[in-house]
Amino acid sequence: MGSLLDPSLLFFQQDRVRRTIIAAYWAVILLATPLWWNITSIERLPLPAGRVHTETQRALTLPATIQLEPGLVDSKPHIINELQSLLDKRLSNSITANVRVNDQNTSPGVYNLVFWDKEDAVLEGRTLKFPRGTSLTSLSDTIIKLLDPPPTSQDFRIAPYSSRYRLSFTLLNEDASSGSYISGWSVQAALRRYIQPILSRVSDLHNCTIESQIQFHAPLAFEPHKLEDNTTALTAEDLTIFVNTAEWTLSSSTSTDPVLHFALFVPNAERRPVKVIDSRTNTFLLPQWGGVVIYNPGDEQDHLGSDALDQIFPLFAQHLLTLLGVPSVPAGIKTPDALSDWQIDALLRRRAIETNQGARDILKSTVTLVNELENMPVGKVVQDEVQAALSALERLHSLSSKSLTDAARLSSEAYTLASRAFFNPDMLAMLYFPTEHKYAVYTPLFASAVIPLIAAAVRELLAWRKQKAAKAAAPVQ
Amino acid sequence: MRAIIFSICACLALASPEESAQEFFAGSSNHTNNWAVLISASKYWFNYRHMSNTLALYRTVKRLGIPDSNIIMMLADDAACNPRNRDAANVYPSPGGVDLYGDNIEVDYRGYEVTVENVIRLLTGRQDPSVPRSKRLLTDDRSNIFVYMTGHGGNEFLKFQDSEEISAHDVGDAFAQMWEKKRYHEIFFMIDTCQASSMYSQLHSPNIFATGSSQVGENSYSYHNDHTIGVSLIDRYTHYILGFLENVNKTSHATMQDFFDYYDTTAIGSHPGVRSDLFARPLNETLITDFFGGVAHVEVSNSDCTPVFGDVVEEEAPVRSKETMVVKAAPPSSPQPTTVDGKGIRAWGSFGLIGLILSWVAFRTSGS
């Protein structure tokens with residue numbers, strides 16, 4: 001009985017056992033600390049900030065070579081220098097022109113200037129033909145408009161660059177139940193004839209998917225005005241609310257590619273004809289969104305064959321060119337090509353400059369953000385993508401003078417990679433917690449466990465020191 | 001190769017609309033698309049009013065022309081299909097008012113999908129590649145975004161799902177990241193919660209203006225406690241602003257200044273705040289429809305010249321087109337009623353426990 005009454009005689013209250021137990025707790029805590037530190041710290045791999053900085057400072061230059069006929073240069077030896085200085089003065093920073101004598105070099109991306117005896121200025125492929133008497137100023141004017149179309153207030157119409165677009169063609173019957181309606185259209189043939197050629201010309205820049213549909217109930221959300229001659233007129237204000245977004249389903253939502261909408265609207269018989277005021281072609285464009293054509297069929301018509309679509313699809317093609325940012329040929333220049341090489345080159349240049357600028361901006365923002373938000377993780381994937389975008393930009397600078405297509409391709413690649421790095425799902429900054437919240441959460445959790453442990457450790461330490469002192473003081477037997 | 005029928009034409013296409021385009025832009029915003037993010041952060045039946053707030057704003061932006069594809073709606077709970085809803089599948093903002101749930105509604109994030117993380121991911125665009133289009137904010141530097149949040153909040157936070165909070169810093173950081181990636185042109189941030197003004201105190205990116213239902217230290221109140229369903233139908237602030245918004249139509253010229261002047265502090269019961277120091281345009285020149293409507297820029301094309309391509313293009317790849325016949329939009333997916341299994345077990349468990357304690361007390365008293 002005596003051993004039970006004296007706690008120091010209990011097995012588990014023996015000094016050694018008790019101290020081992022307390023030490024075991026502390027050992028676990030101390031050993032777990034590095035693990036806890038490791039699993040709660042955020043992986044922040046360094047980004048190549050220096051390279052990003054260098055790359056964002058580097059301006060992109062896209063050179064263009066303009067060749068003159070040897071005969072002309074012989075008769076006017078100063079023409080090369082004069083034209084060169086006129087162009088240098090007015091071209092924007094990213095495009096340089098190099099005027100030289102035609103040496104029969106037919107390498108791609110070289111533009112030829114030819115003077116001929118006819119009255120018209122004509123653009124054929126990469127050759128620009130001018131009447132003989134054209135002044136050098138108007139010549140340089142045209143060349144600048146072709147090489148580097150000046151920014152206009154209409155540029156907002158152009159859809160932001162994307163390597164993929166979805167083109168959605170919709171035939172909308174206002175209300176098929178009202179009687180006369182269109183039940184079908186020869187859309188495949190029309191697409192092959194009017195849209196596909198454009199897409200194949202811009203295939204270096206964009207990969208487009210086409211979808212088409214027919215809807216039989218597409219009501220308007222407003223009541224248009226009826227004129228005295230039974231025509232329904234759409235005013236500019238009506239057009240702004242024409243597309244009934246709440247009830248028309250104009251595209252499927254199968255992918256996240258940007259959609260360009262092309263809608264062919266067939267009004268009810270009692271409204272026909274519906275006319276857009278100020279538009280001979282009965283069509284209008286919504287910037288960056290798409291185009292709408294209003295078509296008034298005859299009462300008996302229920303199918304749109306190639307005759308009708310030959311009226312309509314050229315309008316859609318024009319809308320598509322506008323949305324893609326293909327510059328129009330300057331006034332006064334005639335061209336037999338639907339899309340001349342100069343226009344496509346100007347588009348490539350425009351998109352190369354746009355995506356190059358975009359890629360550099362995104363890289364800069366990524367570095368800034370990672371510096372600003374200290375708890376934003378940066379993983380291996382992000383690091384690799386940033387590096388890949390940088391090397392695409394570096395290759396771009398070495399190739400931009402050789403091939404415009406490669407320049408456009410590489411800057412688009414850099415843009416896509418930089419965007420992907422920026423949007424990496426793992427790069428989500430941990431949510432913000434104020435310091436007092438952290439204390440409020442951690443104190444009740446850890447204080448209750450840690451305080452007894454600390455108290456026990458301190459008590460044991462004191463007891464051990466007392467014991468040691470007592471031992472030292474005790475007389476040696 | 002192409003057998004080409006050339007059409008020679010002097011391309012004067014679209015050269016003339018320059019002036020008309022400038023006319024359109026006089027005093028208006030330079031955006032080309034509108035988006036709305038509408039968030040109701042509260043769950044539970046008694047927070048009916050928060051869902052009602054959000055649905056009312058959804059109805060408004062849709063009526064004014066923002067398509068469903070550009071509206072991201074988050075509802076943390078489903079009041080319409082709650083078993084306690086006497087008018088199943090209906091949500092009313094006032095007795096005898098319009099049914100906000102309607103027959104064509106698209107909830108993009110519902111129930112437990114409404115989390116702080118998902119909101120931040122949505123805004124910053126850092127989403128998994130598998131996330132569908134309807135759950136993404138696919139905006140660009142020409143997008144005007146209307147962000148509306150409602151729920152229970154406090155000084156610099158808004159409670160989500162009764163379990164977590166979004167702080168004013170989170171919102172400010174998310175908008176800053178959006179600005180860095182050029183994901184918006186302008187943002188209008190509106191929040192209906194207690195101490196709402198604190199939620200926009202940490203914004204620091206340009207071209208944002210914000211309004212909230214109450215000042216710091218002030219509560220926001222609910223409107224009309226309905227006795228037939230036993231909960232409040234809507235919050236006061238949202239109720240009163242709807243009075244203004246209901247009179248706005250797609251072609252309205254009402255400005256944001258008119259909207260803020262409409263605030264009636266006695267009716268709302270709190271002092272709504274407005275913050276416009278980050279916003280570049282004067283509010284009396286900013287139209288309501290710049291944020292609540294679809295975009296209104298249209299260009300009438302009037303060209304005779306259209307590119308005419310060759311007759312037949314043989315070597316082109318075949319058109320991969322899918323002809324689908326759509327008679328009418330698919331019916332809206334009806335939300336699943338939420339189950340309360342866990343709660344049921346808990347309720348019966350506590351009932352049993354109380355029974356046990358009572359019988360034990362009775363046994364002890366009779367025994368002594």
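Per chain, numbering begins at 1; letters A, B, ... match sequence-line order.
Only the side chain of A/Ala221 comes within contact range of chain B, judged by heavy atoms closer than 4.5 Å. With a 4.5 angstrom heavy-atom cutoff, A/Val293 does not touch chain B via any of its atoms. When heavy atoms are compared at a cutoff of 4.5 Å, A/Arg420 does not approach chain B at all. If you measure heavy-atom distances from A/Leu373 to chain B, the contacts under 4.5 Å come from the side chain alone. Residue A/Ser419 touches chain B through both its backbone and its side chain, counting heavy-atom pairs closer than 4.5 Å. Heavy atoms of B/Gln177 lying under 4.5 Å from chain A belong to its backbone as well as its side chain. Residue B/Ile66 touches chain A through its backbone alone, counting heavy-atom pairs closer than 4.5 Å. Contact of A/Leu369 with chain B is made through the side chain alone, with heavy-atom distances under 4.5 Å.
Between B/Tyr58 and B/Tyr101, the distance separating the two ring centers is not shorter than 6.0 angstrom.
The distance from the CG atom of B/Asn34 to the CZ atom of B/Phe146 is 11.0 Å, given to the nearest 0.5 Å.
Under a 3.5 Å cut-off, the side chain of A/Gln288 and the backbone N or O of B/Thr32 do not form any donor-acceptor pair.
Residues that satisfy the side-chain contact (heavy atoms from CB on, under 4.5 Å) test with A/Asp257, not counting sequence neighbours, are A/Arg164, A/Ser255. B/Arg126 is linked by a salt bridge (charged side-chain N to carboxylate O under 4.0 Å, His left out) to nothing, counting only residues two or more places apart in sequence or in another chain.
Between chain B and the residues A/Val276, A/Asn424, A/Asp426, the largest count of heavy-atom pairs under 4.5 Å involves A/Asn424. Ranked by heavy-atom pairs under 4.5 Å with chain A, the first of B/Arg121, B/Arg63, B/Lys62, B/Lys182 is B/Arg121.
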Check the pair B/Glu113, B/Lys135 against salt bridge (Lys or Arg N to Asp or Glu O under 4.0 Å), reporting the backbone distance first and the verdict last.
CA-CA 11 Å; B/Glu113 289 173 339; B/Lys135 291 190 176 187; 2.8 Å; yes

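Classified by interplanar angle (parallel below 30°, tilted 30° to 60°, perpendicular above 60°), the ring pair A/Tyr161/A/Tyr415 is perpendicular.
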